[in-house]
Protein chains: 2
Amino acid sequence: MNIGDVATRTGLPAKTIRYYEDINLIKPLRDDNGYRRFREKDVHKLNFLGRARALGFTIEDCRTLLALYEDETRASADVKQVARDHLTQIEAKIADLNAMRDTLSHLVDACAGDDRPDCPILQDLGGKS
Amino acid sequence: MNIGDVATRTGLPAKTIRYYEDINLIKPLRDDNGYRRFREKDVHKLNFLGRARALGFTIEDCRTLLALYEDETRASADVKQVARDHLTQIEAKIADLNAMRDTLSHLVDACAGDDRPDCPILQDLGGKS
DNA sequence: GTGGGGGTTCCAGTGACAGGAAGGTCAAGA
DNA sequence: TCTTGACCTTCCTGTCACTGGAACCCCCAC
């Protein structure tokens with residue numbers, strides 16, 4: 001399979017797939033013409049990576065998870081730890097964003113949004129007073 | 001005022017302040033020795049920028065907002081539009097993160113987290129079957 | 001004069017790719 | 001046989017908003 005087919009099958013851009021090879025997440029073979037040749041195993045890994053990335057895991061997390069995935073003797077506790085740490089980070093981000101949203105939506109509601117210059121949003125950013 | 005005092009007063013790292021000058025958000029004066037000399041006006045702008053960034057506005061948004069802030073003839077509708085667009089993006093991000101959190105917390109809960117290799121998290125990432 | 005705590009510039013790195021240039025390869029059609 | 005066009009290759013640059021660090025200058029107190 002060439003990279004285009006793999007891109008179609010995995011939903012990942014070819015650029016991303018090349019990048020993943022670059023950083024040693026996958027190691028496709030090469031044909032005589034220099035084209036990458038992907039095995040089912042590679043496609044499987046890429047799907048794994050795509051799903052992990054979709055859950056927001058960093059590339060380094062993905063590397064760890066992939067290693068655990070391929071290690072038959074792993075302890076599920078190790079996997080769970082990675083996932084839980086990530087979950088904690090996501091929750092922190094959500095909390096941050098919720099705070100921003102609350103502040104911002106108050107300000108947006110308070111703003112008349114007409115042609116006059118008076119604006120509570122700018123007042124707030126400028127330090128109210 | 002030198003950059004260190006400004007950093008203390010605004011809570012922004014000196015590096016960030018230099019960067020903001022670099023990209024023309026502020027234009028402090030210069031002393032004969034080459035040191036930046038900040039006026040109250042500059043500090044005020046930096047505080048504005050700090051608050052806007054804390055609300056998650058991009059630098060380009062900040063540039064726009066700052067221009068509106070300094071334009072006495074602005075229409076509050078223009079400010080509101082910028083804020084509302086940003087709010088929409090924040091809400092989209094929150095939705096994404098909530099989806100990740102839900103999936104992830106289900107998986108974390110389902111994982112025994114012991115020394116055995118069986119792990120629903122990896123099963124899910126690997127495509128379950 | 002020396003030490004330390006300011007300040008300056010410039011360059012590289014971050015994360016996870018995306019865009020684009022310049023060129024090689026391959027199968028199909030005229 | 002030639003050409004077209006789709007595909008592939010590598011390599012370099014840019015993204016965003018900084019951060020870290022090197023190498024150097026400036027100023028004041030001791």
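Quick note on labels: first sequence line is chain A, next is B, and so on, each numbered from 1. In what follows, every heavy atom counts, from backbone to side chain, and hydrogens, waters and symmetry copies are set aside.
Taking atom NZ of B:Lys15 as the reference point, atom P of C:dA12 lies 13 Å away to the nearest angstrom. One can place CD1 of A:Ile59 at 14 Å from P of C:dT14, the figure rounded to the nearest angstrom. Here D:dT10 presents its C1' atom at 12 Å from CD of A:Glu21, a figure rounded to the nearest Å. Between B:Arg36 atom CZ and C:dT8 atom C1' the separation is 7 Å, expressed in whole Å. With rounding to whole Å, A:Ile17 atom CD1 is found 13 Å from D:dC8 atom C1'. Here C:dT8 presents its C1' atom at 7 Å from CZ of B:Arg18, a figure rounded to the nearest Å. Taking atom CZ of residue A:Arg63 and atom C1' of nucleotide C:dG15, one finds them 13 Å apart after rounding to whole Å.
Of the possible polar contacts, none joining the B:Asp124 side chain to the B:Ile121 backbone as a donor-acceptor pair under 3.5 Å is found. Formation of a donor-acceptor pair under 3.5 Å by the A:Arg63 side chain with backbone atoms of A:Ile23 is found in this model.
Contacts of A:Ile3 with the nucleic acid, taken as non-hydrogen atoms under 4.0 Å apart, involve only primed sugar atoms and P, OP1 or OP2. Backbone-only engagement by A:Tyr20 is indicated by non-hydrogen atom pairs under 4.0 Å involving sugar-phosphate atoms exclusively. Residue contacts for B:Arg30: at a heavy-atom cut-off of 4.0 Å it reaches the sugar-phosphate backbone alone, with no base atom in range.
Checking each of B:Asp31, B:Asp32, B:Asp42 against B:Arg37 for a side-chain hydrogen bond (donor to acceptor under 3.5 Å, both in side chains) leaves exactly one that passes, namely B:Asp31.
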Next item on the list: Dump the intermediate steps for side chain to side chain donor-acceptor pair (under 3.5 Å) on A:Gln81 and A:Asp85, then the final yes or no.
Entry: CA-CA 6 Å; A:Gln81 192 52 55; A:Asp85 288 352; 2.9 Å; yes
